[in-house]
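A short write-up of the structure that comes next.
Side chains are part of it too, since the values below use all heavy atoms of this structure and drop only hydrogens, waters and symmetry mates. Below, chain A is the first sequence line, B the second, and so on; all start at residue 1.
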Amino acid sequence: MLFMEQLIGFFGSKEMDAFIAQWGLLLNGAFVSLQIFVLTLLFSLPLGLFVALGRMSAKKWLSKPLEIYILIMRGTPLLLQIMFIYFAPYYIFGKSYYGRFAAVIIAFSINYAAYFAEIYRGGIESIPHGQYEAASVLGFTKFQAFTRIILPQVIKRIIPAVGNEVITLVKDTALANIIGVSELFRVTKNETNRTATVTAFFYAGIIYLALNWIVTKILNSLEKKFGYYK
Amino acid sequence: MQIIEVEGLCKSYGENTILSDFSFKVNEGEVIAVIGPSGSGKSTVLRCLSLLEKIDKGKITVGGKVMVKTSKDGKAEYAPEKELKKIKLRLGMVFQNFNLFPHFTALRNITEAPVHVLGIPYKEAEDTAMELLNKIGLSEKVNSYPCQLSGGESQRVAIARALAMNPDILLFDEPTSALDPELTGEVLKVMRNLAAENMTMVVVTHEMGFARDVADRVIFMEKGKIIEEGSSENIFTNPANERTRAFIRGFYGQE
């Protein structure tokens, strides 16, 4: 009964206004996180495919630099990469060419493209050679064989691995706070400082989890969509 | 009329010689069975014909068009890309492992190349595909995916897929070797029907029954060379060469 009285008392109170205001701020931050997430996928998924194809090329001048690019992207912290992309132009050329948000999108895109490239490569190499041979004998051009025969099969095989990265990306967006982009994590930190309580951290956790719950649902339905054959 | 002419074909992988000075001819409407122990280069002959392997030396003519010849410096010189594609399309190929496209239905496996390679309108390609499926007795499997087909059904669809391109010659690379024994019959039946329709076929096979009954001519190969060649009757009942005799005796000894 005490709980019910407290709950009824909460409505219309100052506490409720503060609660709503805080959630408003956090959701604004989450919206920025979501923008980073969507834009990164938009750029890194296609970019990764080109990196993978170049990396698999027999031409050393193409494959070797891409191998080094992948090594650097996977071998150094994304946090440092974000800072490098944002600060390097200023220190090298004496001026900045883009803002914080753009720097984050560039850093995330080239970082995730490296991971996606290796996933694509694994997928492409897992397709039996007979598929290329059948396509060749039937007269398909190399481009047709890749887009019509190979790639659709690759996509099905890599959904679980790509899904892992996509889910990690949702949480990685928090790294953008290092150069002061007001995404969910930065907003949350500000709130905990302002209110001198840690409840905002708890709410942030709920929001990240909710986002990944949606992402997981989408991934599952994608997997199902491609599950019509073995 | 000769439809395929191979002269002095040489093919090796590094030190390993697969075919040396290999020559043979295929007449229009003829069914040729190529037999021999594994590793004798039987499949490589077909793979060179279908351009899956590049030859080192020699001359291949298909339907009167030179696909590849030895140039003055002794290396293989292929026809220009455009010409090559035209020649290639006269040949259809059926693989040991079917190599059907798993993400397409049986129907689309058959229509995809006619539509996107030959530019045939989809409706027309679909009609042809339905006719072919009917012919191989798989009308009810139109919308099945390869994973829902048995090995024998898969191979029959693969044959239909090759036929849909309307080739002059069909090459079979051990078409029944990956099948359970009870499923080889249905595939061989389709091939017998094709032979009866005067389809030109080169069949690399371990099916001695098929070679004996259906082939007009049998070629026995060993170590990249033709040891003996002749009518199926001669090869099976009265082989001239000791090794041919031993190989055929070995087969029937096992059975």
*Side chain, backbone, both or neither of B:Arg161 within contact of chain A (heavy atoms, under 4.5 Å)*: both

*Please say whether more than 12 non-hydrogen atoms of neighbouring residues, nucleotides or ligands are located less than 6.0 Å from CE in A:Met56.*
yes

*Measure the spacing between NE2 of A:His129 and CG of B:Leu52 and express it to the nearest 0.5 Å.*
7.5 Å

*Between B:His103 and A:Ile149, is a side chain to side chain contact (heavy atoms under 4.5 Å, CB included) present by the stated rule, with each step listed?*
CA-CA 8 Å; B:His103 58 309; A:Ile149 312 295; 4.3 Å; yes

*Do other residues, nucleotides or ligands put more than 12 heavy atoms under 6.0 Å from the NZ atom of B:Lys57?*
no

*In terms of heavy-atom proximity below 4.5 Å to chain A, should B:Phe98 be classed as side chain, backbone, both, or neither?*
neither

*State whether the number of non-hydrogen atoms from other residues, nucleotides or ligands found under 6.0 Å of A:Phe202 atom CZ is greater than 12.*
no

*Parallel under 30°, tilted from 30 to 60°, perpendicular over 60°: which one fits the rings of A:Tyr228 and B:Tyr145?*
tilted

*Considering residues, nucleotides and ligands other than A:Phe201, do more than 12 of their heavy atoms fall under 6.0 Å from its CZ?*
yes

*For chain B, which of A:Gly130, A:Pro152, A:Pro128 has the most heavy-atom pairs under 4.5 Å?*
A:Gly130

*Could you look at A:Gln131 and say if it's the side chain, the backbone, both or neither that has a heavy atom under 4.5 Å from chain B?*
both

*Region of B:Leu89 that comes under 4.5 Å of a non-hydrogen atom in chain A*: side chain

*Above 12 or not: heavy atoms from other molecules or residues under 6.0 Å from OH of B:Tyr13?*
yes

*Sort B:Met93 into side chain, backbone, both or neither according to what part of it lies under 4.5 angstrom from a heavy atom of chain A.*
both

*Of all of B:Ala113, B:Cys147, B:Ser50, B:Pro102, which one pairs up most often with chain A through heavy atoms under 4.5 Å apart?*
B:Pro102

*asked:* Are there over 12 heavy-atom neighbours, none belonging to B:Glu81, within less than 6.0 Å of that residue's CD?
replied: no

*asked:* If you apply the rule side chain to side chain contact (heavy atoms under 4.5 Å, CB included), what do you find for A:Arg148 with B:Phe101, and how did you get there?
replied: CA-CA 10 Å; A:Arg148 295 189 170 277; B:Phe101 305 130; over 6 Å; no

*Between atom NE2 of B:His116 and atom CG of A:Leu138, what is the distance when rounded to the nearest 0.5 Å?*
12.5 Å

*Examine whether an atom of B:Leu118 lies under 4.5 Å from a heavy atom of chain A, and if so say whether it belongs to the side chain, the backbone or both; otherwise answer neither.*
neither

*Within a reach of under 6.0 Å around OH of A:Tyr90, are more than 12 heavy atoms found that belong to other residues, nucleotides or ligands?*
no

*asked:* Report which part of B:Gln96 has an atom under 4.5 Å of a heavy atom belonging to chain A: side chain, backbone, both, or neither.
replied: neither

*When you measure from the side chain of B:Lys85 to the backbone N and O of A:Gly139, does any donor-acceptor pair fall under 3.5 Å?*
yes

*For atom CZ of A:Phe84, decide whether the heavy atoms of other residues, nucleotides or ligands shown that lie under 6.0 angstrom number more than 12.*
no

